[in-house]
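I have placed the structure first, in the form of structure tokens, so that the comments after it can refer back to it.
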Amino acid sequence: MCDRSSTEIAAFSRSPTDCRPSDFLMHDIRLLRDQLDRLRDGMRRRKKLGELAPLLDRAEELERDRRSAITELEAQQAQRNRLTQEVGERRKAGLEATDLIAAGRAVGDVIAALEHRKSSAEAAVQALVYELPNLTFDEVPEGGDEANRIMRAWGAPRPDGSLIKPHWEIGERLGLLDLTRGAKISGSGFIVYRGIGARLVRGLMNMMLDIHTVEHGYEECSVPLVVNRASMTGTGQLPKFADDMYHINEEDLFLIPTSEVPLTNLYRDEILDATELPKSFCAFTPCFRREAGAAGKDTRGLLRVHEFDKVELVKYTTPESSLTELELLTSHAEVILQRLELPYRVLLLAAGDTGFASAKTYDLEVFAPGVGKWLEVSSCSVMSDFQARRANIRYRPAPGEKPRFLHTLNGSALAFSRIIASLLEHGQQADGSVRVPEALQSYIGCSTLR
RNA sequence: GGCGUGGUGGCCGAGUGGUUUAAGGCAGCGGUCUUGAAAACCGCCGAACCUGAAAGGGUUCCGUGAGUUCGAAUCUCACCUACGCCGCCA
């Protein structure tokens, strides 16, 4: 078991609106000199070592140069401090100081050059470190998605799957999906829900939020859908995944790909009290994804779209309790699937299939008989201190003690479009109508979609 | 959008070019006193980085960045942000 308290790689902007190389918490870059082997092993477990090994070597070299620049720079700064202090003393005594001023000017030139060298090295190290994914926990299987592990399953896919139509057919026939007009007004991958379809969205939102707030104790938040660069960097979407996001040029703002971003950045640059932890939040928001590079994949229906709704869960915990909290958070997502009577399975993702910022992830998959696939409807992750470092979120274990980075977790509970696809396909009846699960009936006011 | 005023450590707050090495207070921690507590008094008390086996030494940080200067919390410019007034607006 690895030390979860102060391990993960990272780097970190602390400015509210910007991310400049000169303003980083650098100390965990020590991993580059102290624990290079651990970093290498982490990348190997993700099957990324071939790709990232040269980057690690380069980063280590730059880090050495950064430190030597700092050492020289600080010696020169100390020299300058002595000179300027003496200038002050001579002035006070009414004496000339032209020689000291000349010397000071010379030292100033040296300092300027060293500062430039330091900030170049720092920016370069930073850029490389930003490309390194989180280290996964030891219990995460090595390898790619072939090594994913099915942990448990709930319910059973219906036996008559071959008779089931895909959700887009049933949805359009019942008039609750209008894919053609969605494409007309915005583009392919933008959905119009109509009539009972729109009411289904609203009902799912209320049902999920009610369960998480009332039964599971999450604080509900209504958050901005547009966030700044520092927030996107804090949770790890930037700089590596810039192409996946919609960007507003004039203001340099981004449309959120998930409400994990605003919820996790709520406490950016803050120090929480240990007694406040764990903190649990949920939010309903649309999520925007460009899906660049996914052209031609799952183009029909609701499986891969540019805008979808989601209820997200986010937790802030101590390093000691984050794994327990992951199990809890995952179970909270499962509750929704059980209430919706959708058969699902829980996968522990292998290291190579685990997301960039995550240390351990469970995926929840629902079987959709119409398209004949398991659909990923939730991804529940513990990010260890990867995001906390980037976003500078700490907690004080006890009064008077040093602040430590906390752990963040998040999970979808759940993503709507695939859930709607699953509901339509799983609930299909012989006459083409769709049965509504009991827990949802009061939210949408009927027991059958027809 | 226009004009104006602010942004200083966990909090409040002084500070307009050179012992600021950031005053003072509150909170916190330790101690003296006390049967105990309170009060009073004394001491400690920000973050990060570099160096070092350690002890220690050094550097940076006053919203952010860029300038001016031998020297910037302090002067200049831009930006962010909060508040006030005016304009516009659901």
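Convention: sequence-line order gives letters A, B, ...; per-chain numbering from 1.
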Between P on B:C79 and CG on A:Leu253, what's the gap in Å once rounded to a whole number? 16 Å
Using the C1' atom in both, what is the distance from B:G63 to B:U8, to the nearest Å? 10 Å
B:U60 P sits how many Å from A:Gln76 CD, rounded? 12 Å
Look only at the side chain of A:Arg66 and the backbone of A:Glu122, and say whether a donor-acceptor pair between them is shorter than 3.5 Å. no
Using the C1' atom as the reference point in each nucleotide, state the distance between B:C80 and B:G28 in Å, no decimals. 33 Å
Rounding to a whole Å, what distance do you find between A:Leu272:CG and B:G10:P? 14 Å
Taking only residues two or more places apart in sequence or in another chain, which ones pass side chain to side chain donor-acceptor pair (under 3.5 Å) with A:Asp65? A:Arg117
Residues A:Arg90, A:Glu96: salt bridge by 4.0 Å N-O rule: no
How many whole angstroms separate atom CG of A:Asn228 from atom C1' of B:C79? 14 Å
Pairwise C1' distance for B:C50 and B:A73, with rounding to whole Å: 24 Å
Under the side-chain contact (heavy atoms from CB on, under 4.5 Å) test, which residues partner A:Asp41, sequence neighbours left out? A:Arg44, A:Arg45
With the threshold set at 4.0 Å, does a side-chain nitrogen-carboxylate oxygen contact exist between A:Lys310 and A:Glu312? yes
Do the side-chain N or O atoms of A:Asn81 get closer than 4.0 angstrom to the phosphate oxygens (OP1, OP2) of B:U59? yes
Does NE2 in A:His247 sit with more than 12 non-hydrogen atoms of other residues, nucleotides or ligands closer than 6.0 Å? yes
Output one line per pair: protein atom, nucleotide atom from nucleotides 68-70 of chain B, and distance, for all N/O pairs under 3.5 Å.
residue : atom : partner  : partner atom : Å
B:C70   : OP1  : A:Arg105 : NH2          : 2.4
B:C70   : O4'  : A:Ile101 : O            : 3.2
B:C70   : N4   : A:Arg91  : NH1          : 3.4

Heavy-atom nearest pair, A:Ser378 first then A:Leu414, reads CB-CD2, 3.7 Å
Whole angstrom is fine here: how far is it from NZ in A:Lys118 over to C1' in B:G58? 14 Å
Let me know the distance between CD of A:Gln85 and P of B:G17, rounded to the nearest Å. 19 Å
Sticking with atom P, work out how far B:C61 lies from B:G71, rounded to a whole angstrom. 13 Å
Please list, chain by chain and in numerical order, all residues satisfying salt bridge (Lys or Arg N to Asp or Glu O under 4.0 Å) with A:Asp178, sequence neighbours excluded. A:Arg181, A:Arg194
Using the P atom on both, measure B:A78 against B:C29 and round to a whole Å. 47 Å
Taking atom P in both B:C79 and B:G25, compute the distance separating them and give it to the nearest angstrom. 40 Å
If you measure from the P atom in B:G31 to the same atom in B:G18, how many Å do you get, rounded? 42 Å
Pairing of RNA chain B as dot-bracket, 5' to 3': ( ) intra-strand, [ ] crossing, | other strand, . unpaired, with Watson-Crick or G-U pairs under 3.5 Å? ((((((((.[[[..)..(.....]]].(((((.......))))).((((((....)))))).[[[[[..)....]]]]])))))))....
Could you tell me which residues satisfy side chain to side chain donor-acceptor pair (under 3.5 Å) with A:Arg300, sequence neighbours excluded, listed by chain and number? none
Rounding to an integer number of Å, can you tell me how far A:Gln77 CD sits from B:A72 P? 11 Å
Quick check for you: among B:G58, B:A48, B:C50, whose closest atom lies nearest to any side-chain atom of A:Arg394? B:A48
A:Asn134 side chain to A:Phe386 main-chain N or O, any donor-acceptor pair under 3.5 Å? no
Quiz item: A:Glu74 side-chain donor-acceptor pair to B:G58 base, under 3.5 Å: yes
Using whole Å, report how far CZ of A:Arg82 lies from C1' of B:G57. 12 Å
Give me the distance, rounded to whole Å, that separates B:C11 from B:U64 when you measure between the C1' atoms they each carry. 23 Å
